[in-house]
2 protein chains.
Amino acid sequence: MVKSDKERNKGMDKVSKFHEIFLEIESAILNQTYKSGELLPSENELTKQYNVSRETIRKALTLLLENGYIQKKQGKGSIVLDVKRFNFPISGLTSYKELQDSQNIGSQTILIENKITLIPKHIAEFLKVSETTKVHTVIRARKLNDEVVILDKDYLLTSVIEEIPDEEAENSLYYYIEHKLGLKIGYARKEFTVEPVTEEDRRLMSLHGDHHIVVTRSDVHLEDTRLFQYTESRHRLDKFRFVDFARRRGPQTY
Amino acid sequence: MVKSDKERNKGMDKVSKFHEIFLEIESAILNQTYKSGELLPSENELTKQYNVSRETIRKALTLLLENGYIQKKQGKGSIVLDVKRFNFPISGLTSYKELQDSQNIGSQTILIENKITLIPKHIAEFLKVSETTKVHTVIRARKLNDEVVILDKDYLLTSVIEEIPDEEAENSLYYYIEHKLGLKIGYARKEFTVEPVTEEDRRLMSLHGDHHIVVTRSDVHLEDTRLFQYTESRHRLDKFRFVDFARRRGPQTY
DNA sequence: TAGTGGTCTAGACCACTTG
DNA sequence: AAGTGGTCTAGACCACTAA
């Protein structure tokens, strides 16, 4: 018996037509079925190919646009951009483990600490939560070629996430949260700065006499806007790289 | 005589209904007319208020969502996020001058160089353009409290931009390009790294014995996808800060 | 169950590009 | 003039939330 779409996609994440079409065209661009510099089929053409309405095609194209795959031009068409040169999207919300997997970098995670504590005072202030809030404090060192180049310090609210097994912390927190707990991650605010190294950095990381370190801080929220995580990720200067695709939001008003 | 919308908006940038509605609601959020944590009126309600169709309201809300103003929740409504804490959008494509204006920081720009040259070899390779390409080389130092903390090196293709008066370079290149030349900036790819300081950095900037510097490189394209600018912006470590709003694109496929 | 947002449609008109 | 993308509509059905 043939399963209906709904049955087949039970528990899946996105089953909308426009998202499916987005994924198909994305693959075709990564495949080079559609080559950089060329035009995609017109919206009317895609409407016929996929047998959907034009607005549905347009939603799919909007996703491609936002993710830097195409540029649209009125009267002309949708031009495929050169996506090969920046084929790993470090931008957006992506965890360390996901990055490693997508880039196949030989690396290793060492779990240094995983315990429940009161939230550190300065973090409570930053997040504007009570100082009596309890959090899982998870500290992990990321090794590359036997050197610790990244130190991740995560604080996860126990009110949202009850338990964190060591095995999960050694693998991927986001995988655990999304796939095992079934929570949906929504958005985050990130801040990048460069700061003097701390005594802890010197103790836990393989710093070659560096005096500074790149620090990224973020507060991560679920889709229902509940705050659940504060992250501080400390990167050795020579191993830090951040790539972003940015679209002009229209001329600013001066 | 009353002017029609089209006449009134001659040469303006966006006159679509959904964009107007976006701007109005954005102001209302910044005004605190809609307060953080509260719900916006429902889509049906907004449909009546603005006398437009629901899809038009939804386009406006999508803009608010992407810019971090709201979070939508099916069955619930659109929740206004706390936007005050991060009220300057460093993310996206924003020029130095625009940032200064929006933050009212007392600062000064010194034009060090503005001349037409052949494109430097390493940049030609990076951009995959011919080494015989001619560019405006614009080098500017950004002073803050009498210290040079940022060094901007811009290379603009003469094939797209014929002339750059010194006065414009001292003000804002983006303002000149968009408002005086009428070109439309589309998108850019940015890369952030930390690198050892060069002899030029030492000569032109007020470095206090720092050994490293934050470097952001980007290639900027027009809306019609033409490449027109390569930028290298060098920031003193203690003056660098980058803030980003990121939305999870849905669980990654492991 | 009523109200919310999420998706989708079929059609319309407009602005822009190219021949 | 023909084809492209940009905007907008009115209506439909679905999935989720809260009472």
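Below, read A as the first sequence line, B as the second, and so on, with proteins coming before strands; counting in each chain starts at 1. Atoms considered below: every heavy atom in the structure, side chains included; atoms not considered: hydrogens, waters and symmetry mates.
Between B:Ile79 atom CD1 and C:dG5 atom P there is a gap of 11 Å when expressed in whole angstrom units. Computed from coordinates, the A:Phe18 CZ to D:dC14 C1' distance equals 14 Å when rounded to whole Å. Separating the CZ atom of A:Arg58 from the P atom of D:dT9 is a distance of 15 Å, rounded to the nearest angstrom. Atom CG of A:Leu39 and atom P of C:dT17 are 14 Å apart (whole Å). The separation between A:Glu223 atom CD and C:dG5 atom P is 15 Å, rounded to whole Å. Rounded to a whole Å, the CG atom of B:Asp224 is 21 Å from the P atom of C:dA15. Nucleotide C:dA10 holds its P atom 14 Å from the NZ atom of A:Lys48, rounded to whole Å. Atom pair A:Lys59:NZ and D:dG6:P shows a separation of 15 Å (rounding to whole Å applied).
Nearest-nucleotide positions on DNA chain C place A:Arg54 closer to the 5' end than the other of A:Arg54 and A:Gln74.
Considering all non-hydrogen atoms of both residues, A:Val80 and A:Ile70 come closest at CA-CG2, 4.3 Å.
Between B:Asp154 and B:Arg140, at least one side-chain nitrogen of the basic residue sits less than 4.0 Å from a carboxylate oxygen of the acidic one, meeting the salt-bridge criterion. A:Lys76 has no carboxylate O lying under 4.0 Å from a charged side-chain N of B:Asp224, or vice versa, which leaves the two without a salt bridge.
Phosphate proximity of D:dG6 to B:Lys17: absent, as no side-chain N or O sits under 4.0 Å from OP1 or OP2. A:Ser42 has a side-chain polar atom (N or O) that falls below the 4.0 Å cut-off from OP1 or OP2 of D:dT4. Contact between the side-chain N/O atoms of B:Thr56 and the OP1/OP2 oxygens of D:dT9 is found at a separation under 4.0 Å. Look at B:Lys73 and you'll find a side-chain N or O under 4.0 angstrom from OP1 or OP2 of D:dT17.
In this structure, of D:dT7, C:dG5, C:dT7, it is C:dT7 that holds the atom nearest to the side chain of B:Glu55. Of the candidate nucleotides D:dT17, D:dC8, D:dT9, D:dT17 has the atom nearest to the side chain of B:Lys76. You'll find that the side chain of B:Lys72 is closest to C:dG5, out of D:dT4, C:dG5, D:dG6. When each of D:dG5, C:dG6, C:dT9 is scored by its nearest atom to the side-chain atoms of B:Glu43, the top-ranked nucleotide is C:dG6. Here C:dT9 is the nucleotide among D:dA10, D:dT7, C:dT9 with the atom lying nearest to any side-chain atom of A:Val52.
Every pair passing salt bridge (Lys or Arg N to Asp or Glu O under 4.0 Å) that includes a residue from residues 28-52 of chain A is listed here, sequence neighbours excluded: A:Glu43-A:Arg54, A:Glu43-A:Arg58, A:Glu43-A:Lys72.
Ring geometry, B:Phe192 versus A:Phe242: the interplanar angle falls from 30° to 60°, so the pair is classed tilted.
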